[in-house]
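All remarks here apply to the structure that follows.
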Amino acid sequence: MKANSRPSKDEYYLEIAKAVCLRSPCLRRKFGAIVVRNDVVVSSGYNGPARGVINCFEVGCLKDELNLPHYSGYDFCPGVHAEENCVINAARHGASVLGGTLYLFGLNYKDGSPTEAKPCDRCKRALINAGIKEVVLRRSDGSIARINVVDWVKEDSEKYVRKIEEAKKKQ
């Protein structure tokens, strides 16, 4: 790198989110998130159990024991996702995330390789309600993706209507 070259803002903030993810006690994948408003980091969060709840690295991972795929097992996994913790931590300290950009970074636990950090439906809904305007993440090919959170409103609505229609057909 040239002495006078600097990383882009997206690269810079994704590297901060990467550092945050290293605090995660998850035995499968580590995620870190930060919220930036007006070019200032206002909050951070990583995936892990609620405060005071036992960590998986202390007793093992139930999802691994059951050989469950990623993005499943939410009904019994004690983990709070990085995106949720980021918004919760802001609220705990009176920082507004309204209109902010959330940067999300993920690593595989076993080999430390980057993994694409895709917010689950629950986190998408939390980010919509928190007023996050955009999510920035690194794709599996190394490129950077910018996601407009407002697009998730239409996507979630359409998904729900499809499920209602399917349920009615089964009756």
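In this structure, the side chain of E116 engages the main chain of S140 through a donor-acceptor pair within 3.5 Å. In this structure a side-chain-to-backbone donor-acceptor pair under 3.5 Å is missing from K30 to R23.
For F57, the ring-ring contact (aromatic ring centres under 6.0 Å, His included) criterion is met by no residue, not counting sequence neighbours. Listed by chain and number, the residues in a salt bridge (charged side-chain N to carboxylate O under 4.0 Å, His left out) with K124 are E155 (sequence neighbours excluded). For S157, there are no side chain to side chain donor-acceptor pair (under 3.5 Å) partners at least two apart in sequence or on another chain. Listed by chain and residue number, V150, D151 satisfy the side chain to side chain contact (heavy atoms under 4.5 Å, CB included) test with N148 (two or more places apart in sequence, or in another chain). Residues satisfying the side chain to side chain donor-acceptor pair (under 3.5 Å) test with S96, not counting sequence neighbours, are R37. Contacts of S113 classified as side chain to side chain donor-acceptor pair (under 3.5 Å), with partners at least two apart in sequence or in another chain: N108, D111. For A126, there are no side chain to side chain contact (heavy atoms under 4.5 Å, CB included) partners two or more places apart in sequence or in a different chain.
Residues N85 and Y46 fail the side-chain proximity criterion, which asks for heavy atoms closer than 4.5 Å. Within the 4.5 Å cutoff, the side chain of V87 has no heavy atoms near those of the N129 side chain.
No side-chain donor-acceptor contact under 3.5 Å links D10 and S8.
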Distance-only donor-acceptor pairs under 3.5 Å for side chains of residues 47-54, two or more places apart:
from	atom 1	to	atom 2	distance (Å)
N47	OD1	S24	OG	2.8
N47	OD1	F31	N	2.7
N47	ND2	R29	O	2.9
R51	NH2	N89	OD1	2.9

Could you list the donor-acceptor pairs under 3.5 angstrom formed by side chains in residues 130-138, with sequence neighbours left out?
from	atom 1	to	atom 2	distance (Å)
E134	OE1	R146	NH2	2.8
E134	OE2	R146	NE	3.0
R138	NH1	G142	O	2.9
R138	NH2	E11	OE1	2.7

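The two residues S44 and V20 make their nearest non-hydrogen contact at CB-CG2, 3.9 Å. Taking both residues in full, the closest heavy atoms of C56 and L27 are given as O-CD1, 3.3 Å, listed atom of the first, atom of the second, then distance. Taking both residues in full, the closest heavy atoms of A82 and A33 are given as O-CB, 3.8 Å, listed atom of the first, atom of the second, then distance. Nearest heavy atoms, C21 versus G32: CB-N, 3.1 Å. Heavy atoms only, all atoms of each residue included: Y71 and K118 are closest at OH-O, 2.8 Å.
Under the ring-ring contact (aromatic ring centres under 6.0 Å, His included) criterion, the residue pairs touching residues 101-157 are Y13-Y103, with sequence neighbours excluded. Screening residues 65-85 for salt bridge (charged side-chain N to carboxylate O under 4.0 Å, His left out) gives E84-R122 as the qualifying pairs, with residues at least two apart or on separate chains. Legend: salt bridge (charged side-chain N to carboxylate O under 4.0 Å, His left out) pairs involving residues 159-171, not counting sequence neighbours, sorted by first then second residue: D121-K159.
Clustering ILVMFWY residues whenever any of their side-chain heavy atoms sit less than 4.5 angstrom apart, transitively, puts V97 in the very cluster that holds I128. Two different hydrophobic clusters hold I16 and L107 under the rule that ILVMFWY side chains link at heavy-atom gaps under 4.5 Å.
Counting heavy atoms of neighbouring residues, nucleotides and ligands inside a 6.0 Å radius, atom NZ of K18 does not exceed 12 of them. A 6.0 Å sphere centred on OH of Y160 holds no more than 12 heavy atoms belonging to other residues, nucleotides or ligands.
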Checklist entry - Could you walk me through whether V42 and V36 pass the side-chain contact (heavy atoms from CB on, under 4.5 Å) check? => result CA-CA 6 Å; V42 297; V36 175; over 6 Å; no
Checklist entry - Where do L102 and I34 land on the side-chain contact (heavy atoms from CB on, under 4.5 Å) test, with the steps shown first? => result CA-CA 6 Å; L102 184 129; I34 63 169; over 6 Å; no
Item to check | Test side-chain contact (heavy atoms from CB on, under 4.5 Å) applied to H81 and Y74, step by step | outcome: CA-CA 10 Å; H81 294 182; Y74 296 140; 3.4 Å; yes
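In this structure, I147 CD1 and T101 OG1 are separated by 11.5 Å, a value rounded to the nearest 0.5 Å.
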